[in-house]
Amino acid sequence: MKPGRAATFGKSAAQFLVGCLRQTIPAKQRTDPNAADLLEAVKQWQQVFEHTPVMYFMVDPAGTVINVNTFGADQLGYTPADLIGRSVLDVFLAEDRATVRACVALCLETVDQSHTWEIRKVRKDGSMLWVRENAKAMLRANGGPIVLVACENITERKEAENALRQSEAYLAQAQELSHTGSFGWKAATREITWSKETYRIFQCEEGTKPAIPFMLQRIHPEDRLAVQQTTGRAAREGKDYDHEYRLVMPDGSVKYVRAVARAMRDASGHVEFVGSVSDITATKEAERRLRDSEQRFRDYAETASDWFWETGPDHRVTRISEHSDTITAPAGLIGLTRWDIAPDAALEPEKWRQHRAALDAHVPFRDLVYRSKDRSGQPIYVRTSGKPFFDADGAFLGYRGVCTDVTAAIRANQAEDALRKAQAELAHVTRVTTLGELTASIAHEINQPLAAVIANADACLAWLQRSPPDLNAARRSVEWIIEDGRRAGDVIRHVRALAKRSDIEMVPLDANAVVREAVALVQREMASHAVSVRMELSSALPKIFGDRIQLQQVLINLIMNGIEAMEDVLDRPRELAIRSQASGDGAMQMSVSDCGGGISEQAIDRLFTPFFTTKTSGMGMGLSICRSIIEAHGGRLSAIPNQGRGATFQITLPLHQEDAS
Ligand code: ADP
């Protein structure tokens, strides 16, 4: 439509209609009373058209607004003149314009037929309204079509609908999230309605009519009767109900549900219920787990010989576990601090200062051992560990922890210490005793170099007395004197070391050197017993880690036993073999083998027992001390009868860590 035509048709639909009539009724007829009535009627209709609360639009096939009533234009924030001549699409959202075109096209295709649709319109200020449009195409007198559209503002209804839809969606979502469905139940008609979530809880296909037999079938057989009784009574008495029961799902799994219903009466006085049904399986499971774990801890606590305590922010005891098994758990401690209880608090100020610093810093502590008293007042040793606990805001509330009576363990440790000391004393005594037995050998060891010193000194004098004195030869003799003097000095130092009660000194050692030094001390003893020694010492042996004196004591003991074992051997050479070798797996072996009488069946198990001896003057302590020395070195000492004659005593020792790898 051209803008000119719009101007011709006037500013509003009413004027347009009047204009049309003026054109159709000839001038003389307008004075005709009938024609005048008609004109009057049309004028009245103009008013109705203009102000009726319906938006009217007349649109040509191209979509141009031919006319619009004042109410319609006003609703959109325009005047009719603003809209006439413009495309009707301007008052629609861009994304809805294709729909509008299609609707107009449909009307044009189906002249005289009414069509209805709901669509959004845009006001001049950009705001939106929902309208229901009723449209119809008509043929004008000139045969051209025109589309008449009447629109009703349905924004409020739409908004209400949307709000309802949204709140329904929220409700459905909330039901899904909380695993809570809703239901309605008209007791008289047995009619039941379920929400989506209720269908899901019962695992029933949505849309099927919920029925009591189906529900009963889902309910756990053990709970069925109770459910029927509860709901039956509620229906009879018109009372609310709230109960829990189990469902057995098609896959056999069990679900816990809680149903809560409010009773109401309809207009005719019939009872009906509105309620909720919640899947409480997870809660039940959590409750069960909590109960189990609580029970588990109670069982532990009640069967433990330990006792549990709790202290407040001032570190005073607020709670102490009481159970009959714990006879040693001290009584009457409530209100006291740990340092009030411990009699050693004043004696060990540093230990307690550190402990109190840990408590004040609110950090956990472990294995604090202190003295206390049991219920009968007997002194006990207690070991305790604790950790701080706090309230939800992080405020310190105190400590919780556990105490153990460690008296027995501490006494055992003390006894072990005493035993170790006694053993060391004994080892020392036996060592000195052995040295006493070895006096002849030792004297010989020293005598030999001394004799050489004298001989060399004599020779030196002789060389000096020559004319001219042979100074070179004299110097050589003096050098030998020095060498022999050193040898004698070494022996004495060694004997003193063995005789001295010295602390154990663990150092990396060359095992072969240890063997050689020990053998040197018993050389004479072997010679006097006509015993020959064969040394098979493996070269390139990694170092061991140990105390030289103790290991030599072991070797001397084994060698002396070997010599004694061969005392009666007269028909064959008395030979002692001393071997060393690496044994793989980070260890090495040393052994002393003799060809004496060997070990009897009865003796084999008892050799290492203290005071076991078969000798008239024997003490029977040697092997037991040897074994404890070797075991203290992390090794083993064992006796093995030889294939032929005699016995082998084998020492296995771990290699020094650095050399072991
Ligand atoms: P003692 O030498 O004082 O008897 P030991 O503990 O050294 O104490 O030895 C205990 C016993 O073990 C000896 O009395 C002896 O019967 C036996 N025994 C030790 N070494 C040998 C050996 N090489 N051959 C046979 N028996 C041995």
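Nothing fancy with the numbering, it's 1 onward along the sequence. First listed ligand is number 1; within each ligand, the first listed atom is number 1.
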- Task: Heavy-atom distances under 4.0 Å are what count here, so tell me which part of L558 touches ligand 1: side chain, backbone, both or neither.
- Result: neither

Which residue and heavy atom of the protein sit nearest [atom], plus the separation:
atom: atom 12 (O) of ligand 1; value: L607 CD2, 3.3 Å
atom: atom 27 (C) of ligand 1; value: F649 CZ, 4.4 Å
atom: atom 7 (O) of ligand 1; value: N561 ND2, 3.0 Å
atom: atom 8 (O) of ligand 1; value: G620 CA, 3.2 Å
atom: atom 2 (O) of ligand 1; value: K615 NZ, 2.7 Å
atom: atom 23 (N) of ligand 1; value: D594 OD2, 2.8 Å
atom: atom 6 (O) of ligand 1; value: L623 N, 2.8 Å
atom: atom 10 (C) of ligand 1; value: F612 O, 3.1 Å

- Kindly confirm or rule out an N or O of N557 lying under 3.5 angstrom from an N or O of ligand 1.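 For ligand 1, there is no N or O atom that lies under 3.5 Å from one belonging to N557.
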
- Item | Distance-only N or O hit between ligand 1 and T613, under 3.5 Å |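 Checking ligand 1 against T613, an N or O pair does fall under 3.5 Å apart.
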
- Message: As a quick check of understanding, evaluate side-chain contact (heavy atoms from CB on, under 4.5 Å) for M526 and I559, giving each step before the final call.
- Response: CA-CA 9 Å; M526 291 196 276; I559 292 168; 4.3 Å; yes

Near [X], which atoms of ligand 1 are under 4.0 Å from a heavy atom of that residue?
X: G618; value: 3 (O)
X: A565; value: 22 (C), 23 (N), 24 (N)
X: G622; value: 5 (P), 6 (O), 7 (O), 8 (O)

- Quick one: sort the W352 and Y370 rings into parallel, tilted or perpendicular, breaks at 30° and 60°.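 Rings of W352 and Y370: perpendicular, over 60°.
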
- Determine the interplanar angle of the F545 and H656 rings, folded into 0 to 90°, and report it as parallel if under 30°, tilted if 30 to 60°, perpendicular if over 60°. parallel

- Query: Taking the six-membered ring of W309, is the NZ or CZ of R338 close enough (under 6.0 Å from the centre) and on axis enough (within 45°)?
  - Reply: yes

- Item | Cation-pi geometry met for R400 and F389 (6.0 Å, 45°) | yes

- Message: Under the criterion salt bridge (Lys or Arg N to Asp or Glu O under 4.0 Å), I'd like the reasoning laid out for E536 against R534: C-alpha separation, chi angles, the key distance, then a yes or no.
- Response: CA-CA 6 Å; E536 292 172 20; R534 186 152 49 89; 2.3 Å; yes

- Item | Any G598 heavy atom less than 4.0 Å to ligand 1 |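 So G598 counts as touching ligand 1.
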
- Quick one: do R289 and E285 make a salt bridge, cutoff under 4.0 Å?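 Looking at E285 together with R289, the answer is yes, because their closest N to O distance falls below 4.0 Å.
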
- Task: Please determine if R636 and E631 form a salt bridge, counting it only when a charged side-chain N lies under 4.0 Å from a carboxylate O.
- Result: no

- Where the closest heavy atom to atom 26 (N) of ligand 1 is concerned, which of T614, T648, I599, I563 has it? I599

- Message: Between T648 and N642, do the side chains contain a donor N or O and an acceptor N or O under 3.5 Å apart?
- Response: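 On atom types as modelled, these side chains qualify, holding a pair under 3.5 Å.
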
- Please confirm whether the backbone N or O of G620 pairs with a side-chain atom of S624, one donor and one acceptor, at under 3.5 Å? no

